[in-house]
There are 2 protein chains.
Amino acid sequence: MAPSGKLYRRLADSIAAEIEAGRYKVGERLPTERELAELHGVSRPTLREALIALEMLGMIEARHGLGIYVTRAQLPVTAATYDFEIGAFELIEARRLFEGEAAALAAATIDDDQLAELEGLLGLMADEDELKGEEADKGFHMVVARATGNGAIIATVENLWELRNRSPLARNILTRARGSGLTPRIIEHTKILDALKAHDPAAARQAMRDHLERVIEHLLHATETEALERAQAESKARRKQIARRVAI
Amino acid sequence: MAPSGKLYRRLADSIAAEIEAGRYKVGERLPTERELAELHGVSRPTLREALIALEMLGMIEARHGLGIYVTRAQLPVTAATYDFEIGAFELIEARRLFEGEAAALAAATIDDDQLAELEGLLGLMADEDELKGEEADKGFHMVVARATGNGAIIATVENLWELRNRSPLARNILTRARGSGLTPRIIEHTKILDALKAHDPAAARQAMRDHLERVIEHLLHATETEALERAQAESKARRKQIARRVAI
DNA sequence: CTGCTTTTATTGGTCAGACCACTGGATTGA
DNA sequence: TCAATCCAGTGGTCTGACCAATAAAAGCAG
């Protein structure tokens with residue numbers, strides 16, 4: 001990735017690199033802001049902006065009157081720190097596995113209010129407005145996640161959706177694929193809802209997996225941009241590799 | 001959570017709240033830094049610090065010479081934005097489901113180098129040094145995630161580990177539980193490794209689930225702090241609710 | 001000497017005002 | 001008409017100062 005033109009951004013990268021390299025270790029105190037600023041040849045406000053960025057990423061922690069402490073040596077690969085390409089297929093593959101489990105759990109924990117909410121979202125999903133339809137789609141999956149009552153699961157599902165928005169490649173492919181005959185997804189969502197209504201975990205898991213499998217299939221057969229074709233080739237090779245062993 | 005004493009932090013919360021409330025919509029440009037500073041009665045440097053925090057969280061985007069644009073109306077619940085308590089049991093429940101699937105997939109994609117790496121980590125896991133042992137533990141799970149070759153899965157597993165570190169409650173409970181007879185985890189990890197060696201997805205899934213199930217069981221029977229007892233009660237009620245329906 | 005209170009040096013937090021650098025549209029001139 | 005130029009607006013950076021929290025040193029009462 002090309003270095004951002006903004007100084008505080010490059011500074012943050014630079015300091016992060018130093019920490020990752022072990023120049024400053026976890027638990028240790030960094031030099032004072034004034035010293036760091038001079039070390040890097042920048043003003044203190046700019047240095048502070050870089051530190052705040054690193055603090056948001058959870059790498060350091062500034063304590064008033066005490067100093068700046070390293071809390072993590074390596075940045076976790078989260079949506080916030082996301083900086084490289086994750087393919088569209090990778091994302092959906094992950095969602096297929098994880099959201100399948102989330103649906104299974106939700107089948108056991110969902111209540112009537114949430115079922116009604118899902119029913120309402122199904123109606124909006126066919127909205128002529130592209131954005132409304134997409135929001136309804138995300139809403140459906142988030143309600144399922146929320147129905148598990150497990151904050152970690154909610155955070156994970158949301159994070160996966162977030163990764164999609166962060167990755168230009170994945171976003172382009174996925175939003176382009178929308179519209180072009182992806183509308184049968186309403187039927188698939190209905191199947192998921194039915195399984196949840198029946199409180200049948202296995203059926204819910206299968207319905208969710210089927211749904212996302214269809215999305216993958218759809219992407220495999222659509223032919224549009226060059227980027228998509230590359231992604232398709234990559235995905236086919238990958239699926240072949242997996243199939244070489246045994247079905248998951 | 002008590003509002004952070006730092007002004008730029010409160011400012012960021014305040015602006016984030018305005019955006020979430022729809023005061024500024026996605027795609028729109030918000031007022032200039034100078035205007036925002038005056039609006040909130042703070043100096044421009046402080047205002048900028050708040051904006052940089054929001055930018056790191058992916059809510060806004062500042063473009064030189066143009067202005068500041070809203071990119072997301074709602075902050076995703078990720079490790080970086082994490083600000084409330086997620087119980088230790090929630091975390092492990094999520095890991096049990098997700099990492100189980102990751103292990104299943106990894107069984108089909110893992111290569112010999114990664115298998116050797118896992119073997120090496122097993123040796124370190126019994127290290128007398130608590131921290132070393134914990135690092136080996138995390139390392140093991142991360143190698144399994146990495147073996148899937150799926151960036152989204154890697155990011156997810158890492159994010160779950162991150163959530164644990166962010167949640168004081170979960171961290172306290174989990175690190176306290178370590179040591180006190182949790183060492184049989186080496187046997188459990190060996191089982192996971194065996195299933196991966198055999199490239200047997202079902203066995204890998206089961207071994208990973210068993211492992212994390214044991215961790216849950218261990219926490220349920222340990223009796224120590226008050227926080228842990230509350231968490232236990234919460235978890236028992238939750239598991240009863242789930243069992244009321246059917247096994248997942 | 002002990003133990004509490006006060007002072008002080010250090011460090012992050014905030015402020016003020018200025019100037020630089022980038023952007024897009026308005027202005028100008030061929 | 002259209003391309004080059006200019007210019008107003010906006011984020012980016014700098015300087016230097018003062019405020020506020022912290023811990024350790026200094027002072028003091030017992």
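Throughout, a chain's letter reflects where its sequence line sits, starting with A, and its residues are numbered from 1.
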Ile15(B) pairs by side chain to side chain contact (heavy atoms under 4.5 Å, CB included) with which of Leu39(B), Leu54(B), Ile68(B)? Leu54(B)

Whole-Å distance between [N] [atom2] and [X] [atom1]?
X	N	atom1	atom2	answer
Lys6(B)	dC15(C)	NZ	P	15 Å
Leu51(B)	dT14(C)	CG	P	14 Å
Glu33(B)	dA18(C)	CD	P	18 Å
Arg48(A)	dT11(C)	CZ	P	15 Å
Arg44(B)	dT13(D)	CZ	C1'	9 Å
Ile52(A)	dG12(D)	CD1	C1'	15 Å
Leu66(B)	dA8(D)	CG	C1'	14 Å
Leu36(A)	dT11(C)	CG	P	11 Å

Can you find a side chain N or O atom of Thr46(A) that sits less than 4.0 Å from OP1 or OP2 on dG12(D)? no

May I ask you to evaluate whether Arg63(B) reaches the phosphate of dG11(D), defined as a side-chain N or O under 4.0 Å from OP1 or OP2? no

Nearest listed nucleotide, side chain of Ser43(A), among dT13(D), dT14(C), dC15(C): dT13(D)

Checking contacts here: which listed nucleotide (dT13(D), dC14(D), dT10(D)) is nearest the side-chain heavy atoms of Arg29(B)? dT10(D)

What distance do [X] atom [atom1] and [Y] atom [atom2] have between them, rounded to the nearest 0.5 Å?
X	Y	atom1	atom2	result
Arg10(A)	His40(A)	CZ	NE2	12.0 Å
Glu49(A)	Ser43(A)	CD	OG	8.0 Å
His141(A)	His211(A)	NE2	NE2	3.5 Å

Should the ring pair Phe98(A) and Phe98(B) be called parallel, tilted or perpendicular, given that the plane angle runs from 0 to 90° and is split at 30 and 60? tilted

Taking N and O atoms by type only, does the side chain of Arg34(B) place a donor or acceptor under 3.5 Å from a partner on the base of dG11(D)? yes

Judged by each residue's nearest nucleotide on DNA chain D, which is more toward the 5′ side, Gly65(A) or Leu7(A)? Leu7(A)

